[in-house]
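Single-structure report; data block below.
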Amino acid sequence: MPEGHTIHRLAKDYTSAFADGTPVHVTSPQGTFAAAAALLTHTPLHTADAHGKHLFLNFADSDAWIHIHLGLFGKVTFGPAPAPPPTDTVRLRLANDTAYVDLRGPTTCALITAPEKQAIHDRLGPDPLRPDADPHRAYARISRSRTTIAALLMDQKVVAGVGNVYRAEVLFRRNIDPYRPGKGITPAEWDAIWTDLVELMREGVRTNRIDTVRPEHTPEAMGRPPRVDDHGGEVYVYRRTHQPCHICGGEIRTADLAARNLFWCPTCQTQ
DNA sequence: AATGCATGCGCAG
DNA sequence: TGCGCCTGCATTA
């Protein structure tokens with residue numbers, strides 16, 4: 001689930017469901033966050049903010065923030081009131097008269113101060129989904145680095161919010177060999193990657209899934225049988241190992257890169 | 001029932 | 001580079 005688009009979407013969804021000025025019932029059935037929940041409960045949610053894969057919730061009359069990071073398998077479930085009895089893995093539940101939302105399995109769910117929140121912003125790279133993002137900051141690091149562009153795109157200090165799916169897909173869309181060192185990436189190439197990330201991730205926020213296949217390459221447009229990728233979006237290479245490339249028909253390859261699975265088409269990605 | 005795997009990340013060495 | 005951590009689901013036995 002969680003790449004940056006998911007988190008920005010969650011910020012919107014938390015806001016629209018709970019930041020209406022009415023008090024929110026905050027609980028932590030699983031227990032770990034119970035003390036903090038008790039401090040915040042019965043106050044209204046004020047704002048939600050997202051930077052990369054980090055989500056922040058702020059409650060009225062409090063300068064503290066709930067800092068949430070979903071990690072690899074954190075999940076958030078929204079539903080209408082009345083909320084069902086929580087299962088014992090629910091780390092954080094918000095509930096009001098109309099809705100509830102449950103958080104399970106996050107790497108992080110902690111109450112932090114405003115300076116601590118700022119420190120997180122400071123250590124994250126520009127986020128293609130934030131209006132204040134400066135892509136040149138990312139390029140300054142990339143253009144100095146001998147690390148592969150595939151690894152750099154996953155480094156949250158370089159770019160915030162890109163995960164394994166967007167990494168693989170944007171490199172495919174730009175025909176870029178994932179193993180090229182960052183310092184070989186030209187300003188024009190980085191500009192194209194960044195522009196593509198902005199477009200793809202905005203679309204991801206809107207649809208709440210990752211679709212990267214251009215209209216002219218859909219199975220219908222290519223005269224191929226319809227296809228459903230098993231993670232809920234239409235993609236070119238992510239988890240399509242040994243399947244035919246939508247464009248050249250060659251086999252999609254996979255390899256370990258920095259403890260993650262990399263997917264790419266060696267025929268198309270030669271730039 | 002047990003195992004493996006995942007769109008993540010921080011830490012030790 | 002490898003390990004642990006958070007959870008749920010699919011696959012294997």
Side-chain angles (χ1 to χ4, degrees), chain A residues 1-11 28-34 36 50-56 66-77 79 84 86-93 101-110 112 116 119-125 127-129 147-148 150-173 178 196-197 200-213 228-242 252 254-264:
Chain A
M1 279 275 190
E3 295 194 23
H5 70 301
T6 302
I7 311 309
H8 282 259
R9 174 58 179 258
L10 286 173
S28 177
Q30 183 257 10
T32 322
F33 195 65
H51 186 157
K53 299 164 189 171
H54 298 256
L55 176 66
F56 305 94
I66 300 181
H67 173 215
I68 294 169
H69 193 293
L70 295 181
L72 194 48
F73 17 74
K75 283 202 172 38
V76 174
T77 318
T87 58
D88 57 9
T89 57
V90 174
R91 184 77 59 85
L92 174 68
R93 168 173 282 185
V101 59
D102 283 346
L103 167 70
R104 284 165 227 267
T107 286
T108 303
C109 175
I112 61 171
E116 285 168 334
I120 294 167
H121 290 296
D122 291 346
R123 71 173 156 79
L124 289 173
D127 176 346
L129 289 171
T147 306
T148 62
L152 288 165
L153 282 173
M154 294 280 280
D155 183 342
Q156 302 297 299
K157 298 187 293 301
V158 177
V159 192
V162 174
N164 208 12
V165 184
Y166 283 124
R167 175 266 288 269
E169 295 298 310
V170 79
L171 289 174
F172 179 88
R173 285 169 55 104
D196 218 18
L197 284 172
L200 289 174
M201 293 175 77
R202 280 187 187 160
E203 177 74 358
V205 174
R206 200 175 65 74
T207 61
N208 217 2
R209 46 183 264 175
I210 300 181
D211 294 294
T212 61
V213 178
V228 179
D229 290 316
D230 63 1
H231 47 86
E234 294 263 328
V235 293
Y236 285 106
V237 292
Y238 174 70
R239 280 213 251 169
R240 296 196 63 249
T241 315
H242 301 317
I252 302 303
T254 189
D256 259 22
L257 187 88
R260 304 299 299 275
N261 294 317
L262 172 68
F263 304 89
W264 83 108

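Every chain is numbered from 1, with letters handed out A, B, ... down the list of sequences. As the structure is a prediction and not an experimental result, all values here were calculated from the model. Just so you know, these numbers use all the heavy atoms, side chains as well, and skip hydrogens, waters and symmetry mates.
Using a 4.5 Å heavy-atom threshold, the side chains of A/Val170 and A/Val162 count as separate.
Residues satisfying the side-chain contact (heavy atoms from CB on, under 4.5 Å) test with A/Pro128, not counting sequence neighbours, are A/Val159, A/Trp194, A/Leu197, A/Val198, A/Met201. Legend: residues meeting side chain to side chain donor-acceptor pair (under 3.5 Å) with A/Asp256, ordered by chain and number and at least two apart, are absent.
Side-chain proximity of A/Thr107 to the nucleotides C/dG8, B/dT7, B/dG8 is greatest for B/dG8. Closest approach to the A/Arg104 side chain among B/dG8, C/dT7, B/dA6 is made by C/dT7 (side chain taken as heavy atoms from C-beta onward). Of the candidate nucleotides B/dG8, B/dG10, B/dA6, B/dG8 has the atom nearest to the side chain of A/Lys53.
Using bins of under 30°, 30° to 60° and over 60° for the plane-to-plane angle, the ring pair A/His69/A/His54 lands in the perpendicular bin. Between A/Tyr236 and A/Phe172, the angle of the ring planes stays under 30°, which puts this pair in the parallel group of the 30/60° scheme.
Rounded to a whole Å, the CD1 atom of A/Ile210 is 11 Å from the P atom of B/dT7.
The phosphate of B/dC9 (OP1 or OP2) has no side-chain N or O of A/Thr108 nearer than 4.0 angstrom. Dashed line: the shortest gap from a side-chain N or O of A/Asn164 to OP1 or OP2 of B/dG8 is not under 4.0 Å. Phosphate contact (OP1/OP2 of B/dG8, side-chain N/O of A/His69, threshold under 4.0 Å): absent.
At the heavy-atom level, A/Arg123 lies under 4.0 Å from the strands shown only through sugar-phosphate atoms.
Using atom C1' as the reference point in both C/dT1 and B/dT7, the two lie 22 Å apart (nearest Å).
Consecutive pairing runs in DNA chain B reach the stem threshold at B:1-6 with C:7-12, B:8-12 with C:1-5, where a stem means at least three Watson-Crick or G-U wobble pairs with distances under 3.5 Å.
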